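Here is the structure we will look at.
Remember, it's a predicted structure, so these values are computed and weren't measured experimentally.
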Amino acid sequence: MDDLISVIVSTYNRADALDAVLRALSRQSDRRFEIVVADDGSGAATRRVVGDWAVRATVPVKHVWHEDSGFRLAEIRNLGIRASAGRYVIFLDGDCIPRRDFVAAHRRLAEPGWFVTGNRILMSRELTARVLEKGSDPGNELHLEPELWGLAKHLSLRRRGDLNRLAPLLSLPLGALRKRRACQWKGASGSNMAFWRAHLDAVDGFDAAFKGWGREDSDIFIRLIRARVRRKDGRFATGVLHLWHREADRSGLDANERQLADVMQGDTIKAQRGLSSCGQAHDVLAGEAAR
């Protein structure tokens with residue numbers, strides 16, 4: 001699969017983490033991709049970071065934004081899809097640092113009729129602070145950016161308790177084992193996943209009826225499987241390093257759980273408030289260039 005890939009990076013007011021993620025994406029071994037930053041209402045600091053990388057990166061960078069009106073991940077992801085140009089779309093959280101072969105690994109796993117879900121390693125609060133606050137200091141022993149860390153560094157950090165596990169960093173040719181959970185949505189992570197654009201269009205993207213943290217990813221997995229798109233396991237190929245953050249506000253989770261239960265009991269494939277109702281995406285960078 002040699003088509004253009006769109007990497008949609010969701011973010012909200014965490015410019016330092018986004019800077020690290022965009023830096024890692026700029027170092028990918030696979031260069032046939034674009035970056036779309038899907039911004040859930042961040043302020044000026046995020047805009048500056050994206051603008052800086054739009055100049056520095058050797059791949060196209062776009063920035064879609066809507067006003068801050070609470071946690072609206074599904075809606076901003078849909079706007080990111082609208083702005084994207086790739087036939088294949090990778091979704092990456094803006095606090096998950098990809099290794100240099102991340103896009104290449106997803107490209108290898110891309111297969112018609114399947115979507116891919118990857119996994120992550122959790123970094124400690126202390127390590128996250130060192131990476132984000134001192135990562136650019138050449139005199140710092142931890143100045144090596146996470147996307148460049150090798151096995152020795154990972155082992156050292158694991159022994160010190162700064163990484164919660166190492167298995168996602170392994171690269172294993174699992175073959176048919178990647179398809180053993182083809183119709184199972186539970187356990188799939190939304191922080192690192194990939195879909196064919198045609199499949200996203202078929203289910204009308206993410207459902208913006210899910211507001212607040214939680215379950216919008218489970219919803220799209222269920223609807224895709226119902227539409228006969230199968231799940232492929234991206235573990236031992238696409239693992240990312242997840243920067244520590246405080247737990248998100250989960251006050252809306254109960255309502256989202258009830259909404260997900262309704263989806264499971266029904267037979268719906270299309271989102272209630274999906275791509276077709278999200279409006280036109282506007283590239284912030286293109287608008288600034290035009291002024």
Side-chain angles (χ1 to χ4, degrees), residues 8-25 37-50 53 63-77 80 91-99 102 117-137 140 142 145-147 149 154 157-158 160-169 186-193 206 208 210-219 239-257 259-260:
I8 297 180
V9 181
S10 55
T11 190
Y12 174 71
N13 276 337
R14 203 174 180 198
D16 54 356
L18 179 64
D19 184 56
V21 172
L22 295 180
R23 181 195 64 223
L25 286 173
V37 176
D39 185 350
D40 195 20
S42 302
T46 293
R47 186 171 298 194
R48 286 193 295 270
V49 166
V50 181
W53 279 108
H63 182 193
V64 295
W65 177 92
H66 61 194
E67 291 186 0
D68 186 357
S69 185
F71 189 102
R72 295 189 290 158
L73 179 59
E75 187 170 340
I76 195 60
R77 279 176 169 169
F91 291 90
L92 179 66
D93 281 359
D95 53 13
C96 289
I97 299 178
R99 293 173 293 160
F102 175 75
T117 59
N119 58 354
R120 61 189 179 175
I121 291 174
L122 303 181
M123 298 170 61
S124 70
R125 181 175 186 172
E126 293 75 18
L127 177 59
T128 295
R130 292 196 295 268
V131 166
L132 296 181
E133 294 173 8
K134 301 180 181 178
S136 60
D137 179 3
N140 176 25
L142 289 172
E145 291 87 348
E147 65 271 19
W149 289 344
H154 290 133
L157 294 171
R158 178 68 182 114
R160 285 156 42 176
D162 281 322
L163 301 178
N164 73 324
R165 55 181 177 164
L166 293 178
L169 296 172
K186 290 185 177 179
S189 172
S191 60
N192 170 12
M193 54 188 177
F206 292 86
F210 285 85
K211 293 183 178 179
W213 184 91
R215 303 301 179 255
E216 70 285 330
D217 299 325
S218 300
D219 167 70
V240 295
L241 290 151
H242 186 200
L243 296 161
W244 179 90
H245 59 79
R246 290 186 175 84
E247 187 173 274
D249 176 8
R250 302 193 178 191
S251 58
L253 182 57
D254 287 346
N256 285 354
E257 293 275 21
Q259 186 171 331
L260 185 66

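- Contact record, Val240 with Cys96: CG2-CB, 3.7 Å, taken as the closest heavy-atom pair.
- Ser10 is not listed as a side-chain neighbour of Asp40, based on a closest heavy-atom distance of 4.5 Å or more.
- What you find for Ala17 and Leu243 is that their closest heavy atoms are CB-CD1, 3.7 Å.
- The backbone N or O of Glu67 lies less than 3.5 Å from a partner atom in the side chain of Arg72, making a donor-acceptor pair.
- Side chain of Arg215 to main chain of Leu253: no donor-acceptor pair is present (N/O by atom type, distance under 3.5 Å, no hydrogens or angles).
- When all heavy atoms of Ser218 and Leu260 are compared, the closest pair comes out as CB-CD2, 3.9 Å.
- Taking each heavy atom of Pro168 and Arg120 in turn, the nearest pair found is CG-O, 3.7 Å.
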So Arg160 and Leu127, side chain to side chain contact (heavy atoms under 4.5 Å, CB included) or not? Walk me through it.
CA-CA 10 Å; Arg160 285 156 42 176; Leu127 177 59; 5.9 Å; no
Go through Asn164 and Ile121 one step at a time and tell me if the side chain to side chain contact (heavy atoms under 4.5 Å, CB included) criterion holds.
CA-CA 6 Å; Asn164 73 324; Ile121 291 174; 3.6 Å; yes
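- Between Met193 atom CE and Ile8 atom CD1 the span is 9.5 Å, to the nearest 0.5 Å.
- Side-chain contact check for Arg14 versus Leu132: some heavy-atom pair is nearer than 4.5 Å.
- To the nearest 0.5 Å, atom CZ of residue Arg165 and atom NE2 of residue His154 are 13.0 Å apart.
- At least one side-chain heavy atom of Arg246 sits under 4.5 Å from a side-chain heavy atom of Arg125.
- Side-chain contact between Arg23 and Pro146: present, with at least one pair of heavy atoms (C-beta onward) separated by less than 4.5 Å.
- One distance of note links CZ of Arg99 with CH2 of Trp149; it measures 12.5 Å at 0.5 Å rounding.
- Interatomic distance, Trp213 CH2 to Glu247 CD, rounded to the nearest 0.5 Å: 7.0 Å.
- Asn192 is not listed as a side-chain neighbour of Asp93, based on a closest heavy-atom distance of 4.5 Å or more.
- Salt bridge status for Arg77 with Asp217: present, with a side-chain N to carboxylate O gap under 4.0 Å.
- With sequence neighbours excluded, the residues satisfying side-chain hydrogen bond (donor to acceptor under 3.5 Å, both in side chains) with Ser191 are Ser189.
- Side chains of Phe210 and Asp219 form a contact here, defined as non-hydrogen atoms less than 4.5 Å apart.
- With sequence neighbours excluded, the residues that form a side-chain hydrogen bond (donor to acceptor under 3.5 Å, both in side chains) with Trp53 are Asp19.
- Atom CG of residue Leu157 and atom CE of residue Met123 lie 7.5 Å apart, to the nearest 0.5 angstrom.
- For the pair Asn256 (side chain) and Lys211 (backbone), a donor-acceptor distance under 3.5 Å is present.
- Proximity of Trp65 to Ile76: side-chain heavy atoms (C-beta onward) are nowhere separated by under 4.5 Å.
- Shown here for Gly41 and Asp68, the closest heavy-atom pair between the two residues is O-CB, 3.5 Å.
- Atom NE2 of residue His66 and atom CG of residue Asp39 lie 7.5 Å apart, to the nearest 0.5 angstrom.
- Using a 4.5 Å heavy-atom cutoff, the side chains of Val9 and Leu25 are in contact.
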